[in-house]
Number of protein chains: 2
Amino acid sequence: MKKEKTENTENKILDAAKNIFEVKGMNGARMQEIADAAGINKAMLHYYYRSKQLLFEAVFKNAFSLLAPQLNAILNNDDSIEEKIRSFTHNYISFIAKHPYIPNFVIQELNRNPKFIEKIQQADAFPSLDKFNAQVEKEVEDGILKPIDGKQLFVHIVSLNIFPFVAKPLIKGFLKLDDKDFQELLEQRKIDVAEFIINSIKK
Amino acid sequence: MKKEKTENTENKILDAAKNIFEVKGMNGARMQEIADAAGINKAMLHYYYRSKQLLFEAVFKNAFSLLAPQLNAILNNDDSIEEKIRSFTHNYISFIAKHPYIPNFVIQELNRNPKFIEKIQQADAFPSLDKFNAQVEKEVEDGILKPIDGKQLFVHIVSLNIFPFVAKPLIKGFLKLDDKDFQELLEQRKIDVAEFIINSIKK
DNA sequence: TAACGGTTTAACCAAACGGTTAACAAAGGT
DNA sequence: ACCTTTGTTAACCGTTTGGTTAAACCGTTA
């Protein structure tokens, strides 16, 4: 039937485009390459998405919308800061292991065109730090945490969790690790990173 | 005189290429753009560097050779771990503020072509972690530090220091900061990051 | 001053690129 | 049966790309 065909082709395109764009970026990706990966004619890309730019934006928004809920989870639930750090660290590293190209893709493309973040900021699920900041402030007052700024703590958390994925070749090089060693390092970090953070901030 | 002219042109090319490549990457940069920025004819690029690839590699090695000594400083001097963390954090953030495009450039291009790191590993000044690891082990034994793996500590340190530069647009977006706010956040991190790490690992 | 070498330029080239077109096929409605 | 809409293809198009070429430029030297 028509409808099924349509959805199939559209999804095949988006899926192929995702794989190519996430690895090669906007500048490195070729429309012909995406068409080949999707097993269709190049003209179909334009039929469904009009231009490379629009196809790319569709892929980018998809990738970003996978990332955002992970952050929202830590920012807006009712756990204590300590629990949030533990669960986020564990979940995030597991999540990225399933989507290894997303962090680098998002960061690379946001650096290429920083205005993208403004477009996305207006979207529904864009994470807000307000609750997290207030919660840190309260736990500091209550004597649960040592004095610390919520924003800096947030940057600490995302840095420790995301950077190893973004800088994988660099870290593999410095530490002289093969792929297996690196995987084990990440596995160990699911525990170590949370301990490391909590160790530092808890009274 | 001939020699001076040569050096001038060669340097003008390398300088222009650096500015363009570091911002746009290998795929985003255009030879014509580099020639324009250098104020010379496009053919000169090929006269001096033969191909885009070779010009790019010259730029990349230059950038990497600025980064490496920063790491060697922390890894191979005779300070205590605590002193190393303090000086590295302070110096590194200052250093990158002067060369803001380098971390992202190096990481982006290493992800595009992970084999680059192998070429560079054979170079003279490539940092080695051996001394740092041994030192961490010793300070743990001596009861100065809580038990921690040197490799993980190293990843913690570089993550906390480098990631904010790489993910600048992302962090600006999440924290709703303008450029001035972000600059202040980085300035504050020169102190906060070292405190944060030491807080966690010192007995 | 004429010949030489390294340097620089304008013009050119083939390939690759994103995008368009026109014709055709398949499906649905009437 | 016929027309309309939607989906698909091959061939094509203009532009941009990295790279080349042949000739000119210019200080040096014999």
Side-chain angles (χ1 to χ4, degrees), chain A residues 1-63 105 108-109 112-113 115-116, chain B residues 1-63 105 108-109 112-113 115-116:
Chain A
M1 302 147 198
K2 231 188 277 174
K3 208 58 196 299
E4 274 184 26
K5 261 193 188 174
T6 302
E7 287 179 353
N8 270 336
T9 304
E10 211 168 329
N11 281 348
K12 272 197 291 185
I13 292 174
L14 210 59
D15 208 52
K18 193 195 83 181
N19 291 333
I20 307 274
F21 275 131
E22 286 187 0
V23 174
K24 307 204 169 184
M26 170 69 172
N27 284 329
R30 301 286 157 242
M31 293 298 267
Q32 186 61 59
E33 200 182 359
I34 295 172
D36 291 347
I40 52 146
N41 190 289
K42 186 169 61 111
M44 296 303 287
L45 302 180
H46 295 94
Y47 180 75
Y48 283 100
Y49 292 91
R50 278 186 49 206
S51 70
K52 187 185 184 184
Q53 178 65 23
L54 288 176
L55 175 56
F56 170 79
E57 285 180 22
V59 169
F60 185 83
K61 280 173 191 163
N62 263 15
F105 171 64
Q108 184 184 331
E109 298 299 331
R112 195 176 58 82
N113 183 5
K115 286 173 193 166
F116 259 7
Chain B
M1 301 146 198
K2 233 186 278 178
K3 208 57 195 299
E4 273 183 26
K5 261 194 189 174
T6 301
E7 286 178 356
N8 269 338
T9 303
E10 211 168 329
N11 282 348
K12 273 196 292 185
I13 292 175
L14 209 59
D15 208 53
K18 193 195 82 183
N19 290 333
I20 307 274
F21 275 132
E22 285 187 359
V23 174
K24 308 205 169 182
M26 170 70 172
N27 285 328
R30 300 288 158 242
M31 292 298 266
Q32 187 60 59
E33 201 182 358
I34 294 172
D36 291 346
I40 51 146
N41 190 290
K42 186 170 62 110
M44 296 302 288
L45 302 180
H46 295 93
Y47 179 75
Y48 283 100
Y49 291 92
R50 279 185 50 204
S51 70
K52 186 185 184 185
Q53 179 65 25
L54 289 176
L55 175 56
F56 171 79
E57 285 179 23
V59 169
F60 186 83
K61 281 173 190 163
N62 264 15
F105 171 65
Q108 183 185 334
E109 296 301 331
R112 196 175 57 82
N113 183 5
K115 286 173 193 164
F116 258 9

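Throughout, protein chains are lettered first and strands after them, A, B, ... in sequence-line order, and every chain is numbered starting at 1. Excluded from the calculations below are hydrogen atoms, water molecules and symmetry mates; all remaining heavy atoms, backbone and side chain alike, are included.
For M31(B) and dT17(D), the CE to P distance is 12 Å, given to the nearest whole Å. Residue Q53(B) contributes atom CD, which lies 16 Å from atom C1' of dT17(D) at whole-angstrom precision. M44(B) places its CE atom 17 Å from the C1' atom of dG18(D), with the value rounded to the nearest Å. Between D36(A) atom CG and dG18(C) atom P the separation is 12 Å, expressed in whole Å. In this structure, H46(B) places its NE2 atom 17 Å from P of dA22(D), rounding to the nearest Å. A straight line from CG of L54(A) to C1' of dG18(C) spans 13 Å, rounded to a whole angstrom. Put simply, CD on Q32(B) is 12 Å from P on dT9(C), counting in whole angstrom units. In this structure, K24(B) atom NZ and dT16(D) atom P are separated by 14 Å, rounded to whole Å.
Between atom OH of residue Y48(A) and atom OG1 of residue T9(A) there is a gap of 4.5 Å, rounded to the nearest 0.5 Å. In this structure, CZ on F60(B) lies 11.0 Å from CD on Q53(B), to the nearest 0.5 angstrom. Once rounded to the nearest 0.5 Å, the distance linking CZ of F105(B) with NZ of K24(B) reads 14.0 Å. Rounding to the nearest 0.5 Å gives a distance of 7.0 Å between NZ of K12(A) and CD1 of I40(A).
Side-chain atoms of N113(B) and E109(B) form no donor-acceptor pair, as typed in the model, at a separation below 3.5 Å.
In this structure, A35(A) reaches neither bases nor backbone, as no heavy-atom distance under 4.0 Å exists between it and the strands shown.
When the side-chain nitrogen and oxygen atoms of T9(A) are compared with OP1 and OP2 of dT8(D), one or more of them lie within a distance under 4.0 Å. The side chain of S51(B) contributes no N or O atom lying less than 4.0 Å from OP1 or OP2 of dG18(D). Between R30(B) and dT16(D) there is no side-chain polar atom (N or O) within less than 4.0 angstrom of OP1 or OP2. Remark: Y48(A) is in phosphate contact with dT8(D), judged by side-chain N or O atoms under 4.0 Å from OP1 or OP2.
When each of dG18(C), dT8(C), dT9(D) is scored by its nearest atom to the side-chain atoms of K52(A), the top-ranked nucleotide is dG18(C). The side chain of K42(B) has dG19(D) as its nearest neighbour among dG19(D), dT7(C), dT8(D). Listed candidates were dG19(D), dA10(D), dG7(D). Nearest to the side chain of A43(A) is dA10(D).
Summary of the strand contacts: N41(B) and M26(A) both lie near DNA chain C, and taking for each the nucleotide with the nearest heavy atom, the more 5' one is attributed to N41(B).
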